[in-house]
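Here is the structure we will look at.
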Amino acid sequence: TVGAVALDRQGDLAAATSTGGFNNKPAGRVGDTPIVGAGTYARNGVCAVSCTGQGEVFMRRVAAYDVAARMSYGGQTLRQATDTLVFDVMSGHKIGAGLIAIDAFGQVCAPFNTLGMARGWIGTDGVLNVATHK
Amino acid sequence: MSLPAIAIHGGCGTLAANLQSEADWAQTRAHLEAALRAGWKILTAGGSALDAVEAAVVVLEDSPHFNAGHGAALTEQSVHELDASIMDGATLAAGGVCTVRAIRNPIRAARAVMDQSDCVLLSGDAADAFARSKGLPTVANGYFTTERRVQALASLKARAARGTIGLASEAERHG
């Protein structure tokens, strides 16, 4: 799975995700990626999110929207919301999970509970960062 | 006026060092960087976040190192069925496609669903036909296949035949 989230100069947020699913998946299976709120979500003033991992659990937990809800209803920061989802909720299901998210101020979070996640970001400081392992 | 920022991912998993060579890892990182720069170029020119995330994902879909587009995982029937979606935080507009087999860049099809239809999600042959009708490039399904994915599918099917599917690693299941 691949994805991107961004904040532009107008203050608008956006998210995008694309995937091939998983190896040997049943024909016709649809995961979280194309489901708004599950694998992808964006709402101005709150955050934009793109998820990667076992899609069925992301769908049951409405994962991407869960991050936004934790922020907008619960007052959590982006860091708190994304860490809770990945390290508490998803790890509680014993599944590999990761996501990227950005808030209205351009802060980026990229938590994952697996050994690695291919990821990168250019923050508001303009510095490019790329990593694959922990 | 906000300072722009962008983030991308190419999937999470075991990323075991022995699954690919150091040259492959270097190319993986180079493609991540290229995706970031594609989106960043749009953002710094005053373009929209929506255009930036689409551009970044297209680069990742075109890379053989990620499970999307060229390089995607295979189904049990040895074909590719691809899913994608995009969402505009400014309007909550969204578009998605699922189980598409022919659109070269599914994220562009998702964007077309958002911008040029009354729907949020289109599936299968209808989604492929819709994207084709909007002028998006199509490819034979084999375009998405890489040798790594063929081997991964063969490995998992062999495990299933031996009755050891439960012992399959995360890398074998998800890449």
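Here is how names work: the chains are called A, B, and so on, in the same order as the sequence lines, proteins then strands, and each is numbered from 1.
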Min side-chain heavy-atom separation Leu92(B)-Arg43(A) under 4.5 Å: yes
Donor-acceptor contact present, side-chain Arg9(A) to main-chain Thr44(B), <3.5 Å: yes
Side chain to side chain contact (heavy atoms under 4.5 Å, CB included) between Leu32(B) and Thr132(A), intermediate numbers included: CA-CA 9 Å; Leu32(B) 288 169; Thr132(A) 50; 4.3 Å; yes
Within 6.0 angstrom of Asp125(B) CG, more than 12 heavy atoms from elsewhere: no
Trace of the side chain to side chain contact (heavy atoms under 4.5 Å, CB included) decision for Leu128(A) with Glu33(B): CA-CA 8 Å; Leu128(A) 186 149; Glu33(B) 183 173 332; 3.7 Å; yes
Residue selection (most heavy-atom pairs with chain A, distance under 4.5 Å) from Asp51(B), Val57(B), Thr28(B): Val57(B)
Polar contact flag, side-chain donor to acceptor under 3.5 angstrom, Thr40(A)-Ser85(B): yes
Which atoms of Leu43(B) approach chain A - backbone, side chain, both or neither, heavy atom under 4.5 Å: both
Side chain / backbone / both / neither for Ile122(A) at chain B, heavy atoms under 4.5 Å: both
Hydrophobic cluster identity match, Ile103(B) and Val139(B), side-chain contacts under 4.5 Å: no
Gln10(A) side chain vs Met1(B) backbone, donor-acceptor pair below 3.5 Å: no
Chain A contacts, top residue of Ala160(B), Pro106(B), Gly39(B), Ser48(B) (heavy-atom pairs, under 4.5 Å): Ser48(B)
Interface moiety of Ala56(B) toward chain A, non-hydrogen atoms closer than 4.5 Å: side chain
Interchain contact, Ala68(A) with chain B, by part (heavy-atom threshold 4.5 Å): neither
Straight-line distance of Cys12(B) SG to Leu99(A) CG, nearest 0.5 Å: 9.0 Å
Under 4.5 Å from a heavy atom of chain B, the part of Asn129(A) involved: backbone
Interface moiety of Phe105(A) toward chain B, non-hydrogen atoms closer than 4.5 Å: neither
Rounded distance (nearest 0.5 Å) linking atom CG of Leu60(B) with atom OG1 of Thr1(A): 11.5 Å
Closest-packed option against chain A by number of heavy-atom pairs under 4.5 Å, given Glu54(B), Arg29(B), His65(B), Gln77(B): Arg29(B)
Under 4.5 Å from a heavy atom of chain B, the part of Val5(A) involved: both
Transitive ILVMFWY side-chain link Val57(A) to Val86(A), under 4.5 Å: yes
Main-chain N/O of Glu81(B) paired to Lys25(A) side chain as donor or acceptor, under 3.5 Å: yes
Portion of Ala101(A) that has a non-hydrogen atom of chain B nearer than 4.5 angstrom: neither
Evaluation steps, side chain to side chain contact (heavy atoms under 4.5 Å, CB included), between Thr75(B) and Asn24(A): CA-CA 4 Å; Thr75(B) 72; Asn24(A) 201 34; over 6 Å; no
Test item: Leu36(B) and Val130(A) side chains (from C-beta on) under 4.5 Å apart, heavy atoms: yes
Largest heavy-atom contact set with chain B, pairs under 4.5 Å, which of Thr17(A), Thr19(A), Leu13(A): Thr19(A)
Part of Cys51(A) lying under 4.5 Å from any heavy atom of chain B: backbone
Closest non-hydrogen atom pair, Ile100(A) against His9(B): CG1-CD2, 3.5 Å
Residue selection (most heavy-atom pairs with chain A, distance under 4.5 Å) from Ala72(B), Cys98(B), Gly124(B): Cys98(B)
Test log, rule side chain to side chain contact (heavy atoms under 4.5 Å, CB included), inputs Arg149(B) and Asn23(A): CA-CA 8 Å; Arg149(B) 298 300 183 192; Asn23(A) 186 22; over 6 Å; no
Among Gly10(B), Pro4(B), Ala7(B), residue most engaged with chain A (heavy-atom pairs, under 4.5 Å): Ala7(B)
Closest non-hydrogen atom pair between Ala16(A) and Ile107(B), with its separation: CB-CD1, 3.7 Å
Candidates Val97(B), Leu82(B), Asp83(B) - the one meeting side-chain contact (heavy atoms from CB on, under 4.5 Å) with Pro34(A): Asp83(B)
ILVMFWY network linking Leu136(B) to Leu122(B), side-chain heavy atoms under 4.5 angstrom: no
Option that, when pairs with chain B are counted at under 4.5 Å, heavy atom only, ranks first among Gly31(A), Gly126(A), Gly123(A), Gly98(A): Gly123(A)
Contact origin within Ala27(A) toward chain B - heavy atom pairs under 4.5 Å: both
Proximity breakdown for Val120(B) and chain A, heavy-atom pairs closer than 4.5 Å: side chain
Residue pair Phe22(A) / Ala73(B): nearest heavy atoms and the distance that separates them: C-CB, 3.7 Å
Nearest heavy atoms of Ile6(B) and Ala6(A), plus distance in Å: CG1-CB, 4.1 Å
Cluster link Val89(A) to Val67(A), ILVMFWY, side chain under 4.5 Å: yes
Gap separating the OG atom of Ser18(A) from the CG atom of Asn105(B), nearest 0.5 angstrom: 8.0 Å
Under 4.5 Å from any heavy atom of chain B - which part of Val30(A): both
Residue selection (most heavy-atom pairs with chain B, distance under 4.5 Å) from Gly3(A), Gly106(A), Ala14(A): Gly3(A)
Co-membership, hydrophobic cluster, residues Val108(A) and Leu7(A), 4.5 Å side-chain: yes
Best-contacting candidate, Val79(B), Asp88(B), Ile42(B), against chain A by heavy atom pairs under 4.5 angstrom: Asp88(B)
Atom of Val36(A), atom of Ala94(B) and distance for their closest heavy-atom approach: CG2-CB, 3.5 Å
Atom pair OG/CG of Ser2(B) and Asp12(A) - distance to nearest 0.5 Å: 8.5 Å
For chain B, the option from Ala110(A), Gly11(A), Gly28(A) that forms the most heavy-atom pairs under 4.5 Å: Gly28(A)
Contact leader toward chain B among Asp125(A), Thr52(A), Val46(A), Ile102(A), where contacts are heavy-atom pairs under 4.5 Å: Thr52(A)
